Amino acid sequence: MAEDGGGVLIEVVPTSAGDALILRLAGVVDPSARDRVEYLMLAATEAFSPLSLAVLDLSALELLGAAGARALACWVIACAERGVTVRLVVAPRSSAHRVLVVAGLDQRVTVFDDLEPALHRD
């Protein structure tokens with residue numbers, strides 16, 4: 001399933017095990033898309049509940065602004081309240097990675113360079 005959040009593409013991919021979910025963001029997450037992106041991520045997480053793991057893949061994201069980082073932070077908090085482990089996939093040294101570091105999200109969740117390691121259970 002993919003939905004347009006106003007300049008951003010959100011793809012929701014349930015894993016074969018059924019207790020994990022991959023969310024892929026592509027495009028631009030700026031102030032105009034913030035509320036829609038946050039809503040769609042929360043709705044996807046709730047729709048596939050119960051989950052133990054949610055992986056947010058930002059590797060195709062063109063731009064993540066401060067408003068987008070706030071949307072991600074709200075989603076991370078909502079997942080934590082439901083007992084869902086969140087992992088992020090983002091290219092090192094990308095603009096999205098820099099925004100995540102400035103926002104402190106890299107201190108709240110584990111960040112991976114690639115999707116496959118992010119899906120492995122510890």
Side-chain angles (χ1 to χ4, degrees):
M1 168 175 101
E3 297 197 36
D4 185 353
V8 65
L9 182 70
I10 299 176
E11 182 181 12
V12 180
V13 183
T15 62
S16 59
D19 64 342
L21 182 68
I22 301 166
L23 297 173
R24 291 188 178 109
L25 296 183
V28 176
V29 183
D30 60 10
S32 67
R34 180 203 186 274
D35 291 339
R36 182 81 173 137
V37 167
E38 183 179 341
Y39 169 78
L40 291 172
M41 290 187 339
L42 288 170
T45 305
E46 290 173 10
F48 289 96
S49 196
L51 294 173
S52 62
L53 175 64
V55 177
L56 181 59
D57 186 350
L58 304 174
S59 58
L61 203 58
E62 294 172 36
L63 175 70
L64 177 67
R70 283 192 295 280
L72 299 185
C74 290
W75 176 72
V76 166
I77 291 167
C79 285
E81 290 172 350
R82 290 179 174 88
V84 178
T85 299
V86 173
R87 296 179 180 163
L88 301 177
V89 177
V90 62
R93 296 176 299 281
S94 66
S95 62
H97 187 264
R98 286 190 294 277
V99 170
L100 293 174
V101 169
V102 169
L105 280 172
D106 64 324
Q107 301 300 311
R108 298 189 78 141
V109 298
T110 306
V111 178
F112 293 84
D113 298 347
D114 296 306
L115 180 62
E116 198 58 41
L119 289 171
H120 289 296
R121 312 280 181 187
D122 294 332

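Just so it is clear, the model here is predicted, and its values are computed rather than measured.
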According to a 4.5 Å side-chain heavy-atom criterion applied to Ile, Leu, Val, Met, Phe, Trp and Tyr, with indirect links allowed, do [X] and [Y] form part of one hydrophobic cluster?
X: V102; Y: L72; answer: no
X: L61; Y: Y39; answer: yes
X: V109; Y: I77; answer: no

Locate the shortest heavy-atom distance separating [X] from [Y]; write the atom from each residue and the value.
X: A67; Y: D30; answer: CB-C, 4.2 Å
X: A96; Y: V90; answer: CB-CG2, 3.8 Å
X: V99; Y: A69; answer: CG1-CB, 3.8 Å
X: A71; Y: M41; answer: O-CE, 4.1 Å
X: V89; Y: A118; answer: CG2-CB, 3.8 Å
X: A44; Y: L23; answer: CB-CD2, 3.8 Å

Rounded at 0.5 Å granularity, tell me how far [atom1] in [X] sits from [atom2] in [Y].
X: D35; Y: L40; atom1: CG; atom2: CG; answer: 11.0 Å
X: I22; Y: L115; atom1: CD1; atom2: CG; answer: 4.5 Å
X: D106; Y: L88; atom1: CG; atom2: CG; answer: 9.0 Å
X: C79; Y: L51; atom1: SG; atom2: CG; answer: 7.5 Å
X: L100; Y: R108; atom1: CG; atom2: CZ; answer: 12.5 Å

Given 3.5 Å as the limit, does a donor-acceptor pair link the side chain of [X] with the main chain of [Y], or not?
X: R98; Y: R93; result: yes
X: R87; Y: H120; result: yes
X: D114; Y: E116; result: no

>> If you apply the rule side-chain contact (heavy atoms from CB on, under 4.5 Å), what do you find for V86 with W75, and how did you get there?
In response: CA-CA 9 Å; V86 173; W75 176 72; 3.5 Å; yes
> Charged N to carboxylate O below 4.0 Å: is that the case for E38 and R70?
Replying inline: no
>> Taking the side chain as everything from C-beta on, heavy atoms only, tell me whether T110 gets closer than 4.5 Å to T85.
In response: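 Counting from C-beta outward, T110 and T85 never come under 4.5 Å.
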